[in-house]
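Just follow the structure's listing: the first ligand is 1, and inside any ligand the first atom is 1. FYI, side chains are in, hydrogens and waters are out, and symmetry mates aren't considered; it's all heavy atoms of this structure.
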Amino acid sequence: MQSFSGAMQLALKSASDDGREGPKAEIRKPNPDAVDRRASTLPRQSSSDRISHMAIDIGGSLIKLVYFSRSSGGSGGGGGSRRGGADGERNEAICDGRLHFARFETSKIDVCLEFIKSKLQLGGSDSNGESKSSSRYKSVIKATGGGAYKFTDLFKEKLGISLDKEDEMDCLVSGANFLLKAVHQEAFTCLNGQKEFVRIDHSDLYPYLLVNIGSGVSMIKVDGDGVFERVSGTSVGGGTFWGMGKLLTKCSSFDDLLEMSHKGNNRVIDMLVGDIYGGTDYAKVGLTSTTIASSFGKAISDQKELADYKSEDLARSLLRMISNNIGQISYLNALRFGLKRIFFGGFFIRGHEYTMDTIAVAVDYWSKGEAKAMFLQHEGFLGVLGAFMTYEKHAHDDLMAHYQQFPINLSNKTSKSLFDLHDHESIECSVYEA
Ligand SMILES: Nc1ncnc2c1ncn2[C@@H]1O[C@H](COP(=O)(O)OP(=O)(O)O)[C@@H](O)[C@H]1O
Ligand SMILES: CC(C)(COP(=O)(O)O)[C@@H](O)C(=O)NCCC(=O)O
């Protein structure tokens with residue numbers, strides 16, 4: 001196994017590198033559910049898998065994990081030894097492997113610890129919290145998110161692992177910049193259920209507003225690589241939807257709540273302009289009769305108990321309220337700084353059409369079509385990818401820099417989808433000498 005502290009370079013070929021278009025790779029949505037299933041079965045590390053780098057993002061709701069495993073055999077300790085990358089590079093492949101993505105609920109961190117333990121084949125820690133593993137390579141992983149601070153001792157105690165902390169905002173921004181520049185068809189618009197990929201002009205990417213909808217919401221003005229400012233945020237975010245949804249409905253899981261919202265009718269609970277104006281528009285100020293005047297407002301006058309409302313309708317109103325609010329605040333912040341493009345990330349979105357549609361409509365409505373809401377294929381993995389990439393960033397400062405240095409070329413070897421996590425929750429990639 002290679003050093004977790006060793007230098008790594010993610011060398012996805014992008015248009016800015018060579019003037020050509022970005023990598024020709026189809027991207028499919030990660031299927032985090034499949035990851036959950038894996039988490040519960042905790043597969044043992046195959047003897048042929050050799051994990052070299054791992055990063056973790058421990059958020060308020062979810063833990064995101066990314067790790068690279070080398071295939072067995074081949075030169076340089078890896079699988080492949082061949083000339084030229086998928087796009088004709090001259091570097092020599094020193095190993096082949098897979099980049100794996102996994103996700104756990106933060107409240108079930110023990111499951112995550114077990115997963116890491118099995119993946120790294122750790123022997124636990126001794127009474128001083130020192131790893132029992134003979135290799136110190138296994139003793140440090142990159143970590144971001146608030147949980148990197150909260151659970152430092154737990155990782156040391158249970159696994160003998162130290163968390164090498166990276167700032168959450170730094171990671172979100174570098175993860176977003178990386179994906180936007182390197183991954184073909186990463187960003188898309190979604191209006192009226194119509195998903196349309198956006199071609200990113202690398203020379204005209206900045207500035208933009210990054211809105212990360214996790215448990216809470218952070219709004220970050222991004223001006224370049226590593227150049228950004230967190231300009232705003234709101235506590236009404238994904239945690240609010242999930243938390244209030246749990247209290248208000250009979251949902252059994254987050255996905256169940258989303259599914260319910262899909263079937264519900266928010267007009268049963270939301271007070272519309274028409275409800276106040278006797279069925280007509282309030283045309284003078286541009287409000288149609290169907291505009292929501294007051295989220296959940298109908299509950300004031302309905303002689304109903306919570307149990308009298310359908311869970312589906314409650315879920316729909318809740319999702320609409322929160323998505324609308326985030327869309328509006330995002331637009332106001334974009335307006336503050338004259339930003340025309342807003343990219344939305346975070347696991348709250350979950351590729352859910354209605355959520356994206358509501359956010360996009362809010363941005364469109366408030367900006368009178370001036371600003372554009374865009375969504376990211378890898379919405380929930382920005383932070384952890386950013387943390388993963390710091391293996392490269394800190395290469396020179398790193399005391400362990402003598403460890404093997406290699407860029408990972410994510411160019412697809414099989415001409416299947418590049419970020420195809422749908423079936424395997426991992427992507428195949430090759431490692432090239434720097
Ligand atoms: N399976 C899930 N379980 C819980 N929350 C989920 C799930 N899938 C999506 N979510 C939503 O994603 C939010 C967390 O998003 P994420 O970007 O991971 O933020 P954080 O880093 O704060 O955990 C949750 O608050 C919830 O709204
Ligand atoms: C504190 C946080 C950065 C933590 O990130 P998260 O785990 O929610 O992804 C985020 O929850 C947040 O920005 N909350 C909003 C706080 C505010 O600006 O009011």
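- Judged by distance alone, the side chains of N177 and D225 do bring a donor and an acceptor atom under 3.5 Å apart.
- When hydrogens are left out, the protein atom nearest atom 17 (C) of ligand 2 is R230 NH2, 3.7 Å; that is the closest non-hydrogen contact.
- Polar contact with ligand 1: absent for F241 (N/O pair, distance under 3.5 Å).
- Shortest contact from atom 4 (C) of ligand 2 to any protein heavy atom: E168 OE2, 3.6 Å.
- Considering OG1 of T144 and CG of L382, their distance stands at 11.5 Å, rounded to 0.5 Å.
- Both the backbone and the side chain of F347 come within 4.0 Å of ligand 1, counting heavy atoms alone.
- Looking at T106 next to ligand 1, no N or O pair under 3.5 Å apart turns up.
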Can you list the steps and then say if L376 with F344 is a side-chain contact (heavy atoms from CB on, under 4.5 Å)? CA-CA 7 Å; L376 301 172; F344 290 88; over 6 Å; no

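- Using cut-offs of 30° and 60° for the angle between ring planes, the F241 and F254 rings count as perpendicular.
- With distances taken over non-hydrogen atoms, the option nearest atom 26 (C) of ligand 1 out of F348, F254, F104 is F254.
- At least one N/O-N/O distance between G239 and ligand 1 falls below 3.5 Å.
- The closest protein non-hydrogen atom to atom 7 (O) of ligand 2 is G60 N, 3.1 Å.
- Annotation for ligand 2: atoms under 4.0 Å from non-hydrogen atoms of S215 are 8 (O).
- Within the 4.0 Å cut-off (strictly below), no protein heavy atom is located near atom 1 (C) of ligand 2.
- Taking the six-membered ring where tryptophan is involved, the planes of Y206 and Y208 are essentially parallel, since the angle between them stays under 30° and well short of 60°.
- The N/O atoms of L62, backbone and side chain alike, include one that comes under 3.5 Å of an N/O atom in ligand 1.
- Looking at V231 and R336, their side chains come closer than 4.5 Å, going by heavy atoms from C-beta outward.
- Side-chain contact, R316 with S261: no donor N or O sits under 3.5 Å from an acceptor N or O.
- On a distance-only criterion, G380 and ligand 1 share no N/O pair closer than 3.5 Å.
- For ligand 1, one of its N or O atoms has an N or O atom of R350 under 3.5 Å away.
- Of all protein heavy atoms, the one lying nearest to atom 15 (C) of ligand 2 is T234 O, 3.4 Å.
- Put simply, the side chain of R267 does not reach to within 4.5 Å of the side chain of I292, judged on heavy atoms.
- Taking a cut-off of under 4.0 Å to the non-hydrogen atoms of G59, the atoms of ligand 2 that pass are 7 (O).
- Taking only nitrogen or oxygen atoms, main chain and side chain alike, N212 does not reach within less than 3.5 Å of ligand 1.
- With 3.5 Å as the limit, one finds a donor-acceptor pair spanning the side chains of S162 and K156.
- Among all protein heavy atoms, the one lying closest to atom 8 (O) of ligand 2 is G216 N, 3.0 Å.
- Taking only non-hydrogen atoms, the option from R103, E105, K108, K246 nearest to atom 1 (N) of ligand 1 is R103.
- No side-chain N or O of D364 forms a donor-acceptor pair with one of Y331 less than 3.5 Å apart.
- Nearest heavy-atom pair across R341 and P207 is NH2-O, 3.7 Å.
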